[in-house]
Amino acid sequence: MRRIALAFGFVLPLVLLWWAVAQAEPMRLTPPSVESAALTRNLPQEEERRVEPAPTMPAASAAEEPAPARVEAAQPIPQKKRYNVVVLGDSLGDGTWAGLYHVLQKDKRFNVVKKSRVATGFSRHDYYDWNAAAREIASETAIDIAVVVMGTNDRQPIVQDGKRHALFDAEWRNIYRQRVDDFTATLKSSGARIYWMELPVMRSPRFGADMEQFNEIFEDRAAANGITFVKTEGLATGADGGYTAYGEDRFGRTRLLRAEDGIHFTMAGYELLGKRIADAILADIASGAAIAEIKKPVEEMPVVLRSAGAVEDAANEAGQYDMADRRPGRSDDWLWLGATN
């Protein structure tokens, strides 16, 4: 019995050792090349260099130079050109940014960046200087394509060098045109290609007539400065070309397109504006127009539309506006409860 116990004690460790080795070296179930690719498919470059490929060729003869070790890795995904599309403007620009974001969100060539600010324009440099803002934005963000939506807050006098100039008088126009030109020159100096959006049809005849005068200035300066003026005719308009609250969205469905104030839009309406701008941009890219590729990508901003309370808070930032000038001048005056004038 003692001999049997000794033999069992000698054989059992050997059996346990064999079992452990078998578990450590399981049978290969895939060809070496497939296993090698699977192991290195998603490894970082530093780790890939440490992975030895499974041998798939016989050992080289003494007369042959041994082939260098090679790790099979997935080819990088080809990167398309990417552009920063920066939207600048007032509250109408806010909504246009959201609409443009929706239209271009599946096209990974574009980062649509919001740099608009409610209750701003070119009339009140003392409150917000868009030319200075453009320089600051360009210093922080590569602007490949600039989309400009401006003017709905500028129905008010301009005060310059202590002198007050009434809306649309001769000197007012000279100053306003110069500010548009300076702003355009700043954007162009940053390398941006500029798309200036025509202000759309408004519900109020008086407000709309003033917007037409701004459009005349913007279109004239766009031609003089060699930038693209994007027409909005036919968008959210009736059969006669006039204002309508309901109409076809970009998918051909009848939807509410305009907000209650008769100036701003619903998301369906902003998508129409965004698509008109996107079509102009895409046509230029397809034709080989000079639009620089971005130097570095920027973080995409989620589409977050302002709540009524948030919009009112933002509008209250414009506290320096002269109360006498607020009612006739600003579309961003969210204290308006009735029809616009």
Side-chain angles (χ1 to χ4, degrees), residues 87-97 99 116 118-124 147-158 165-170 172-173 176-177 179-180 195-223 229-249 254-277 311 315 318 321 324-341:
V87 181
L88 309 104
D90 51 27
S91 60
L92 202 60
D94 260 13
T96 301
W97 161 77
S116 51
V118 302
T120 62
F122 293 127
S123 292
R124 293 296 302 269
V147 175
V148 182
V149 186
M150 206 80 73
T152 59
N153 298 310
D154 284 334
R155 299 168 69 227
Q156 51 191 305
I158 290 177
H165 305 282
L167 176 66
F168 294 141
D169 72 12
W172 186 99
R173 290 177 181 274
Y176 195 87
R177 280 195 292 262
R179 291 180 180 182
V180 171
Y195 295 81
W196 201 296
M197 192 186 83
E198 179 185 35
L199 294 170
V201 172
M202 303 296 176
R203 183 178 64 197
S204 163
R206 182 180 171 187
F207 190 89
D210 287 348
M211 295 303 100
E212 289 177 7
Q213 294 204 53
F214 280 108
N215 280 333
E216 290 175 5
I217 295 172
F218 297 148
E219 186 170 15
D220 173 72
R221 302 325 298 160
F229 187 69
V230 181
K231 294 275 194 175
T232 59
E233 58 186 356
L235 297 182
T237 59
D240 60 351
Y243 177 91
T244 182
Y246 288 84
E248 290 189 354
D249 66 7
T254 300
R255 303 280 297 279
L256 177 65
L257 303 177
R258 302 299 289 259
E260 291 182 2
D261 62 4
I263 297 172
H264 298 85
F265 289 75
T266 64
M267 180 51 68
Y270 281 125
E271 287 180 357
L272 286 177
L273 300 180
K275 186 177 186 305
R276 182 64 60 89
I277 294 169
V311 170
Y321 274 86
D325 293 333
R326 289 183 73 176
R327 188 174 181 280
R330 292 177 47 209
S331 72
D332 283 324
D333 185 352
W334 296 97
L335 299 179
W336 289 358
L337 300 178
T340 58
N341 60 5

Quick one: does any side-chain atom of [X] pair with a main-chain N or O of [Y] as donor and acceptor, under 3.5 Å?
X	Y	result
D169	A166	yes
E198	T232	yes
N153	T120	yes
R276	K231	yes
T254	G247	no

What heavy-atom pair brings [X] and [Y] nearest, and what distance separates the two atoms?
X	Y	value
L92	T96	O-OG1, 2.8 Å
A259	Y243	O-OH, 4.0 Å
Y270	S91	OH-O, 4.1 Å
F207	S204	N-OG, 3.2 Å

Open item on the list: Tell me whether Y246 at atom OH has more than 12 heavy atoms from other residues, nucleotides or ligands lying less than 6.0 Å away.
Closed with: no
- [ ] Evaluate the criterion side-chain contact (heavy atoms from CB on, under 4.5 Å) for residue pair V147 and L88; output intermediate values, then yes/no.
- [x] CA-CA 6 Å; V147 175; L88 309 104; over 6 Å; no
Task: Near-ring test W196/F229, centroid separation under 6.0 angstrom - done: no
TODO: Please confirm whether R179 makes a cation-pi placement over F122, using NZ or CZ under 6.0 Å from the six-membered ring centre and within 45° of the ring normal.
DONE: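 The answer is no, since R179 fails at least one limit relative to F122.
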Do the non-hydrogen side-chain atoms of [X] and [Y] ever get within less than 4.5 Å of each other?
X	Y	result
R255	L257	yes
R206	M211	no
V148	M197	no

Task: Parallel, tilted or perpendicular: rings of W172 and F168 (30°, 60°) - done: perpendicular
Out of curiosity, [X] [atom1] to [Y] [atom2], how far, rounded to the nearest 0.5 Å?
X	Y	atom1	atom2	value
T237	L272	OG1	CG	10.0 Å
R203	I263	CZ	CD1	8.0 Å
T152	D154	OG1	CG	7.5 Å
D94	D90	CG	CG	8.0 Å
H165	S123	NE2	OG	12.0 Å
L199	D210	CG	CG	11.0 Å

Task: Results of salt bridge (Lys or Arg N to Asp or Glu O under 4.0 Å) for R221 - residues two or more places apart only - done: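 Result, salt bridge (Lys or Arg N to Asp or Glu O under 4.0 Å) vs R221: D181.
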Open item on the list: Could you tell me if Q213 and R155 have a donor-acceptor pair between their side chains, going purely by distance under 3.5 Å?
Closed with: no
